[in-house]
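Numbered from 1 within each chain, the chains take letters A, B, ... in sequence-line order.
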Amino acid sequence: MQYKIPRGTFDILPSESHRWQKVISTFRETALSFGYEEIVTPIFEQVELFERSSGESSDIIQKEMYRFQDKKERWLALRPEGTAPVVRSYLENHMEAGARINKLYYIGPMFRYDRPQAGRYRQFYQYGAECIGSHHPFYDAEIISLQTTFLNRLGLKDIKLEINSVGCPNCSKDYDKALIDYFSPHIEELCPDCQNRLKTKPRRLLDCKVPHCKSIAGKAPSMLDYLDAECRKHFEQVQDYLKLMNIPYDINPRIVRGLDYYTHTAFEFLNPALGAQNAISGGGRYDGLFNQIGGKDIPAVGIAGGFERLLLSLETEMIDLGGKAKPDAYLVLVGEEARKKGTKLLADMRQSGFSVIYDPEKESFKAQLKAADNQSARYALIIGEDEIARGIVTVKNLQTGEQQEIDADEVSELV
RNA sequence: GUGGAUGUAGUUCAAUUGGCAGAGCACCGGAUUGUGGUUCCGGGUGUUGUGGGUUCGAGUCCCAUCUUCCACCCCA
């Protein structure tokens with residue numbers, strides 16, 4: 001084998017693709033039933049869009065983004081995430097003028113240069129939904145509800161929802177300061193990563209897995225104590241809605257979203273069975289992003305999820321997504337006359353919407369029937385010398401083994 | 001980017017101290033030339049990830065490289 005698939009990418013083969021289709025169509029149906037409409041944006045964008053939205057210091061920008069120059073030496077990037085392009089498109093197409101609220105969903109590949117692992121790829125497929133134009137806590141809950149409904153429709157059970165509020169820029173500032181005050185006396189004891197985090201993103205300290213850091217972080221001040229009155233109220237209202245919608249959740253004050261632009265609600269859906277890469281989806285409110293990109297003050301809340309991890313979860317829970325489509329009929333043709341008549345029948349039946357399979361390279365009667373069985377066809381349509389002579393087609397039900405002879409013209413009606 | 005494992009047939013796995021690369025499943029063909037699934041018979045389908053090295057001889061030992069996996073980092 002001379003050529004190999006690039007590292008961190010994968011083919012979706014026919015044996016898998018029907019599972020993907022099932023999950024994707026379930027997401028589409030769910031989003032649609034919540035009033036979300038699809039938006040499709042390009043796979044690459046100007047580099048600056050992501051630098052501006054994700055924050056230049058973020059890992060995504062620093063080490064994970066695929067950048068390249070085109071022939072006019074414009075710097076472009078394969079999109080590492082879906083929200084910024086949606087926001088770009090929203091602003092560019094003046095969608096705020098068309099409707100007060102825009103509810104959008106997207107599906108497609110994202111790209112991050114990262115070390116591959118189970119459930120983590122360099123080209124991976126995400127779905128996402130964004131509700132743009134309202135600050136109302138109902139929509140925070142609706143976005144979460146969209147995800148739980150989606151998971152329920154797929155039949156997934158072992159998924160946890162954790163929510164948090166990261167506050168607004170105001171209380172956020174106070175909190176970061178409190179964290180720095182708290183951790184600074186311990187700086188010598190912290191792991192090198194955490195010493196670094198203290199300078200760049202204090203909140204990341206709360207997440208560290210090194211036992212000693214963990215024990216120090218255990219007594220650190222909680223974000224929830226630093227929320228101002230308005231943020232607190234918003235967070236409570238989101239929870240009220242979740243309760244009304246019958247959605248179970250845990251509050252986890254340690255949730256930190258990776259990207260800079262989040263405000264208020266932040267949440268994650270986790271599957272504890274998945275190992276290290278256990279976040280199925282995550283999201284939150286990003287009232288600050290529009291300002292960051294386009295200078296307009298537009299509130300929004302959204303979610304993004306990964307299909308790979310979803311499919312892994314479905315596998316560990318052994319949930320059957322239904323097999324691949326089975327053909328209605330397989331043509332078994334023996335003899336030259338039968339081949340002619342059968343080919344015509346094949347074309348007619350396909351024209352009227354049936355799925356019919358025929359393979360001229362299988363010549364023996366037995367080989368054709370075997371193939372019909374192999375492909376799980378519902379019926380075998382048999383035409384041989386006998387049928388030709390009598391102007392009929394033998395129809396065999398491959399499940400029951402029952403067989404009947406019918407008039408050549410009436411085949412379509414029976415199947 | 002850091003640390004640690006891994007790789008043999010389509011697939012799951014064998015192969016003794018270095019001594020002719022094998023088995024189940026799958027696949028293909030056949031079992032009175034018109035009846036599939038079950039059964040029986042036959043067939044191994046391979047650059048042992050790749051490239052070097054040691055050796056009379058390497059799947060096995062050494063070096064490099066790639067892939068995948070585990071953890072970190074990060075996140076979907």
Legend entry - Those residues that, when tested against A:Arg203, pass side chain to side chain donor-acceptor pair (under 3.5 Å) (two or more places apart): A:Ser172, A:Asp176
Inset, instruction - Mind checking side chain to side chain donor-acceptor pair (under 3.5 Å) for A:Gln239 and listing every partner two or more places apart, or none if nothing turns up? - result: A:Tyr249
Which pairs, protein N/O on one side and nucleotides 41-45 of chain B N/O on the other, fall under 3.5 Å?
none

Filter on salt bridge (Lys or Arg N to Asp or Glu O under 4.0 Å), then keep only pairs touching [range], sequence neighbours left out; what's left?
range                       : value
residues 117-130 of chain A : A:Asp114-A:Arg120
residues 364-377 of chain A : none
residues 163-173 of chain A : none

If you count the non-hydrogen atoms of other residues, nucleotides and ligands that lie under 6.0 Å from [atom1] in [X], is the total more than 12?
X        : atom1 : value
A:Asn246 : CG    : no
A:Glu385 : CD    : no
A:Tyr182 : OH    : yes
A:Gln69  : CD    : yes

Legend entry - Base B:G36 paired with A:Gln399 side chain (donor-acceptor, <3.5 Å): no
Inset, instruction - Classify the side chain of A:Gln368 and the base of B:U35 as holding, or not holding, a donor-acceptor pair under 3.5 Å. - result: no
Over all strands shown, is [X] touching base, sugar-phosphate only, or nothing at heavy-atom distances under 4.0 angstrom?
X        : result
A:Arg197 : sugar-phosphate
A:Ala118 : sugar-phosphate
A:Glu81  : nothing
A:Gly8   : sugar-phosphate
A:Glu387 : base
A:Leu310 : nothing
A:Tyr121 : base

[N] versus [M] - spacing of their [atom1] atoms, nearest Å:
N     : M     : atom1 : value
B:U60 : B:A21 : P     : 12 Å
B:C13 : B:C73 : C1'   : 35 Å
B:A26 : B:U11 : C1'   : 7 Å
B:A9  : B:A15 : C1'   : 14 Å
B:U54 : B:C70 : P     : 37 Å
B:A58 : B:C63 : C1'   : 15 Å
B:G36 : B:A76 : C1'   : 45 Å
B:G1  : B:C62 : C1'   : 28 Å

Inset, instruction - Using the test side-chain contact (heavy atoms from CB on, under 4.5 Å), find all partners of A:Asp11 that sit at least two apart in sequence or belong to another chain. - result: A:Ile5, A:Leu13
Looking only at side-chain N and O atoms, does [X] come under 4.0 Å of OP1 or OP2 in [N]?
X        : N     : value
A:Arg7   : B:U68 : yes
A:Arg204 : B:C72 : no
A:Asn374 : B:C27 : yes
A:Gln117 : B:A71 : yes

Can you tell me the distance, in whole Å, between the [atom1] atom of [X] and the [atom2] atom of [N]?
X        : N     : atom1 : atom2 : value
A:Leu190 : B:C73 : CG    : P     : 14 Å
A:Phe150 : B:A76 : CZ    : C1'   : 12 Å
A:Gln126 : B:C74 : CD    : C1'   : 14 Å
A:Arg120 : B:G1  : CZ    : C1'   : 11 Å

Polar atom pairs (N or O), protein with nucleotides 29-32 of chain B, under 3.5 Å:
none

Side chain of [X] (C-beta onward), nearest among [options]:
X        : options             : answer
A:Tyr113 : B:G1, B:A71, B:C75  : B:G1
A:Ala279 : B:C73, B:A76, B:U68 : B:A76
A:Asn278 : B:C75, B:G34, B:G36 : B:C75

In plain terms, say whether [X] and [Y] are close enough for a salt bridge, that is, a side-chain N and a carboxylate O under 4.0 Å apart.
X        : Y        : result
A:Asp181 : A:Lys177 : no
A:Lys103 : A:Glu142 : yes
A:Glu402 : A:Lys396 : no
A:Arg52  : A:Glu48  : no

Please set out all donor-acceptor pairs under 3.5 angstrom arising from side-chain atoms of residues 311-319 of chain A, sequence neighbours excluded.
| from | atom 1 | to | atom 2 | distance (Å) |
| --- | --- | --- | --- | --- |
| A:Ser313 | OG | A:Asn271 | ND2 | 2.9 |
| A:Ser313 | OG | A:Arg309 | O | 2.7 |
| A:Thr316 | OG1 | A:Ser313 | O | 2.9 |
| A:Glu317 | OE1 | A:Lys157 | N | 2.9 |
| A:Glu317 | OE2 | A:Lys157 | N | 3.4 |
| A:Glu317 | OE2 | A:Asp158 | N | 3.0 |

Inset, instruction - Treating a pair as Watson-Crick (purine N1 to pyrimidine N3 plus N6-O4 or O6-N4) or G-U wobble (N1-O2 and O6-N3) with both distances under 3.5 Å, list the stems of 3 or more consecutive pairs that involve RNA chain B. - result: B:1-5 with B:68-72, B:10-13 with B:22-25, B:27-31 with B:39-43, B:49-53 with B:61-65
Would you list the protein and nucleotides 2-7 of chain B atom pairs, both N or O, that sit under 3.5 Å from each other?
| from | atom 1 | to | atom 2 | distance (Å) |
| --- | --- | --- | --- | --- |
| B:U2 | O4 | A:Arg115 | NE | 3.3 |
| B:U2 | O4 | A:Arg115 | NH1 | 3.1 |
| B:U2 | O4 | A:Arg115 | NH2 | 3.4 |
| B:G3 | O6 | A:Arg115 | NH2 | 3.0 |

Legend entry - Residue met sooner reading RNA chain B from 5', once A:Val210 and A:Leu274 are mapped to nucleotides: A:Leu274
Legend entry - Any donor-acceptor N/O pair, A:Glu308 side chain to A:Tyr125 backbone, under 3.5 Å: yes
Extract all donor-acceptor atom pairs below 3.5 Å that involve side chains of residues 21-34 of chain A and protein atoms in other chains or at least two apart in sequence.
| from | atom 1 | to | atom 2 | distance (Å) |
| --- | --- | --- | --- | --- |
| A:Ser25 | OG | A:Gln21 | O | 3.1 |
| A:Ser25 | OG | A:Lys22 | O | 3.0 |
| A:Thr26 | OG1 | A:Lys22 | O | 2.7 |
| A:Arg28 | NH1 | A:Glu38 | OE1 | 2.8 |
| A:Arg28 | NH1 | A:Glu38 | OE2 | 3.1 |
| A:Arg28 | NH1 | A:Tyr105 | OH | 3.3 |
| A:Thr30 | OG1 | A:Thr26 | O | 2.7 |
| A:Ser33 | OG | A:Glu29 | O | 3.4 |
| A:Ser33 | OG | A:Thr30 | O | 2.7 |
| A:Ser33 | OG | A:Arg153 | NH2 | 3.3 |

